[in-house]
> 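Dumping the structure here so I can ask a few things about it.
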Amino acid sequence: RKEVEQDPGPFNVPEGATVAFNCTYSNSASQSFFWYRQDCRKEPKLLMSVYSSGNEDGRFTAQLNRASQYISLLIRDSKLSDSATYLCVVIGSARQLTFGSGTQLTVLP
Amino acid sequence: DVKVTQSSRYLVKRTGEKVFLECVQDMDHENMFWYRQDPGLGLRLIYFSYDVKMKEKGDIPEGYSVSREKKERFSLILESASTNQTSMYLCASTQPSTGNYEQYFGPGTRLTVT
């Protein structure tokens, strides 16, 4: 089993739709969680951290479920500019980072 | 803004050649990383460094070596390039001592080995 798993997609959604991605992790001792965004042919950039209590940044909401060992990213009112690959990142107890393989999102006009 | 630069955006090398990929960051970050990214496999860690002259193997170090002679510079070396090393190589840096684990990435080097 991979340490961090994501549904690769692609997710094709119309503008204005709400879309959610999940990311599961295998190490129950994992400490920190993040979502990164990677545009086509560009480097990954931090989108948001994921806190135990859940957190929101505009149209984006991130949540952590420790019991089931997954994190989620919800995007409301999708924009064309949200089209990208979304990578989840998990930091383990030894502070090593593990990236998921990414979920590809395309928002259609 | 943190800036991480990589020496080349695109590189074409022949099998057996020695290849150097350079990465420089300008924010005095302690930690630097080299990843390769392949379709369906995501980012895989090759090597990382916590300090000058220190290096640690990542998940896929075979066929690679690294050098960190100065804090701002982290080099990835392919001793004898092979076609299965054709990939996108990404360098990143971070400063965890500040409690910030955000990784800042360079623009990537797309290496093709023929």
Side-chain angles (χ1 to χ4, degrees), chain A residues 1-10 21-27 29-52 55 57 62 64 71 73 84-106, chain B residues 1-6 8-10 21 23-25 27 29-51 55-61 87-112:
Chain A
R1 183 184 172 190
K2 285 185 181 178
E3 287 187 55
V4 178
E5 289 199 71
Q6 292 183 251
D7 182 343
F21 313 131
N22 280 349
C23 170
T24 59
Y25 60 95
S26 60
N27 184 353
S30 297
Q31 297 184 339
S32 303
F33 309 87
F34 305 87
W35 284 102
Y36 277 69
R37 171 195 168 125
Q38 186 173 22
D39 294 309
C40 188
R41 300 186 185 279
K42 298 280 191 179
E43 70 273 22
K45 291 186 178 178
L46 180 65
L47 177 65
M48 59 197 303
S49 303
V50 186
Y51 302 122
S52 297
N55 49 302
D57 183 2
L64 167 64
I71 62 172
L73 178 67
T85 296
Y86 292 84
L87 305 165
C88 68
V89 178
V90 175
I91 298 182
S93 54
R95 302 210 173 161
Q96 78 282 9
L97 275 77
T98 303
F99 282 81
S101 55
T103 297
Q104 185 181 341
L105 171 67
T106 301
Chain B
D1 277 354
V2 175
K3 193 168 183 184
V4 181
T5 57
Q6 294 183 228
S8 305
R9 291 300 302 273
Y10 300 94
L21 302 182
C23 174
V24 178
Q25 49 92 6
M27 283 301 291
H29 280 179
E30 298 162 353
N31 297 0
M32 296 187 74
F33 305 79
W34 274 106
Y35 296 90
R36 61 178 284 177
Q37 186 174 30
D38 301 287
L41 297 176
L43 275 83
R44 292 181 291 167
L45 181 64
I46 304 171
Y47 266 97
F48 60 101
S49 170
Y50 288 135
D51 203 349
K55 59 185 179 184
E56 297 283 343
K57 292 181 180 179
D59 299 319
I60 51 164
S87 186
M88 169 68 86
Y89 289 88
L90 288 157
C91 173
S93 72
T94 189
Q95 185 74 342
S97 58
T98 62
N100 180 6
Y101 289 95
E102 179 178 355
Q103 295 226 324
Y104 295 87
F105 285 87
T109 296
R110 187 167 291 280
L111 172 67
T112 302

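Convention: sequence-line order gives letters A, B, ...; per-chain numbering from 1.
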> Quick one: do the B/D38 and B/S87 side chains pair a donor with an acceptor below 3.5 Å?
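Checked: B/D38/B/S87 side chains pair up, N/O donor to acceptor below 3.5 Å.
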> By number, which residues in residues 40-49 of chain B have some heavy atom less than 4.5 Å away from chain A?
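So the qualifying residues are B/G40, B/L41, B/G42, B/L43.
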> Heavy-atom distance under 4.5 Å to chain A: side chain of B/Q103, backbone, both or neither?
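Contact with chain A: backbone and side chain both.
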> Taking all non-hydrogen atoms of both residues into account, name the closest pair between B/C91 and B/M32 and its distance.
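Reported closest heavy-atom pair: SG-CE, 4.1 Å.
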> For A/Y25 and A/F33, take the angle between the two ring planes, folded into 0 to 90°, and tell me which bin it lands in: parallel under 30, tilted 30 to 60, perpendicular over 60.
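Rings of A/Y25 and A/F33: tilted, as their planes differ by 30° to 60°.
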> For A/Q38, is it the side chain, the backbone, both or neither that has a heavy atom under 4.5 Å from a heavy atom of chain B?
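For A/Q38, the side chain is the part near chain B, not the backbone.
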> Return the orientation label for the B/F105 and B/Y35 ring planes: parallel under 30°, perpendicular over 60°, tilted otherwise.
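Tilted, since the angle between the ring planes falls between 30° and 60°.
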> Pick one of side chain, backbone, both or neither for A/P8, based on which atoms fall under 4.5 Å of a heavy atom in chain B.
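Neither; nothing under 4.5 Å.
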> Partners of A/E43 by side-chain hydrogen bond (donor to acceptor under 3.5 Å, both in side chains), sequence neighbours excluded?
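For A/E43 there are no side-chain hydrogen bond (donor to acceptor under 3.5 Å, both in side chains) partners, ignoring immediate neighbours.
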> Quick one, B/S93 and B/M27 - any side-chain contact, counting heavy atoms below 4.5 Å?
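The answer is no, as the side chains (C-beta and beyond) never meet within the 4.5 Å cut-off.
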> Going by heavy atoms in the side chains, are A/M48 and A/V50 under 4.5 Å from each other?
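No, every pair of side-chain atoms sits at 4.5 Å or beyond.
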